[in-house]
Amino acid sequence: MTLTQELQVILFKPQGSIDLEGGKALSEQMAGVVPQAHQLWVIDLIKVNFMDSSGLVPLVKGLKAARQSGCRLVLCNVQTPVRLILELTQLDSVFEIFHTYEDIFTPVKDNNLVLAG
């Protein structure tokens with residue numbers, strides 16, 4: 001008998017601004033998902049062109065909820081204005097950030113590894 005754990009991807013695609021109002025909408029959307037262990041939560045920010053500090057709240061709350069439930073939350077397609085606020089608040093070192101959605105599922109190839117033999 002073989003048991004395979006399928007990776008369940010939950011994709012959030014906010015649009016426009018993630019400010020107080022947009023942040024509330026994202027929070028409500030994320031609260032509507034029941035986190036289960038081994039889920040991958042992806043927040044695709046390709047259509048988000050602005051984020052202020054109040055927009056960081058749903059991201060941090062989402063990350064906390066995901067981690068507490070054994071989920072992984074990642075960001076992708078982060079546009080320059082959003083990346084700047086993540087860098088200014090040093091949250092770019094807290095979140096896993098991928099250049100594109102496809103990059104999340106691409107194994108990292110590190111040709112610099114040397115195996116001791």
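Both backbone and side-chain heavy atoms feed into the values below; hydrogens, waters and symmetry mates do not. Treat the numbers as computed from the prediction; the structure is a model and nothing was measured.
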Can you find a heavy atom in the side chain of [X] that is under 4.5 Å from one in the side chain of [Y]?
X      : Y      : value
Gln8   : Ile10  : yes
Leu75  : Phe98  : no
Phe50  : Pro81  : no
Ile104 : Leu40  : yes
Leu63  : Val94  : yes
Val9   : Phe105 : yes
Lys13  : Lys47  : no
Trp41  : Leu11  : no

Measure the [atom1]-[atom2] distance between [X] and [Y] for me, rounded to the nearest 0.5 Å.
X     : Y     : atom1 : atom2 : answer
Leu86 : Leu59 : CG    : CG    : 7.0 Å
His99 : Asn77 : NE2   : CG    : 7.5 Å
Leu26 : Phe12 : CG    : CZ    : 7.5 Å
Ile46 : Asp44 : CD1   : CG    : 6.0 Å
Lys61 : Ser27 : NZ    : OG    : 6.0 Å
Ile85 : Ser53 : CD1   : OG    : 6.0 Å

Can you tell me if CD on Glu87 sees more than 12 non-hydrogen neighbours from other groups inside 6.0 Å? yes
According to a hydrophobic-cluster definition based on side-chain heavy atoms being under 4.5 Å apart (Ile, Leu, Val, Met, Phe, Trp, Tyr only), do Leu91 and Val82 belong together? yes
List the steps and the verdict of side-chain contact (heavy atoms from CB on, under 4.5 Å) for Leu73 and Phe95. CA-CA 8 Å; Leu73 184 144; Phe95 286 97; 3.7 Å; yes
What do the steps show when you test Leu56 against Met51 for side-chain contact (heavy atoms from CB on, under 4.5 Å), and what is the final call? CA-CA 7 Å; Leu56 295 172; Met51 179 186 292; 3.5 Å; yes
Less than 3.5 Å apart, any donor N or O on the side chain of Asp52 or Ser54 sitting next to an acceptor on the other? yes
Thr100 and Asp103: side chain donor to acceptor below 3.5 Å: yes
What do the steps show when you test Ser17 against Asn49 for side-chain contact (heavy atoms from CB on, under 4.5 Å), and what is the final call? CA-CA 6 Å; Ser17 298; Asn49 52 20; 4.0 Å; yes
If we ignore hydrogens and angles and just use 3.5 Å, is the side chain of Gln39 paired with the main-chain N or O of Gln36 as donor and acceptor? yes
Look only at the side chain of Glu21 and the backbone of Asp19, and say whether a donor-acceptor pair between them is shorter than 3.5 Å. no
Decide yes or no on side-chain contact (heavy atoms from CB on, under 4.5 Å) for Ile43 and Met30, but give the supporting numbers first. CA-CA 10 Å; Ile43 302 177; Met30 293 173 80; 4.0 Å; yes
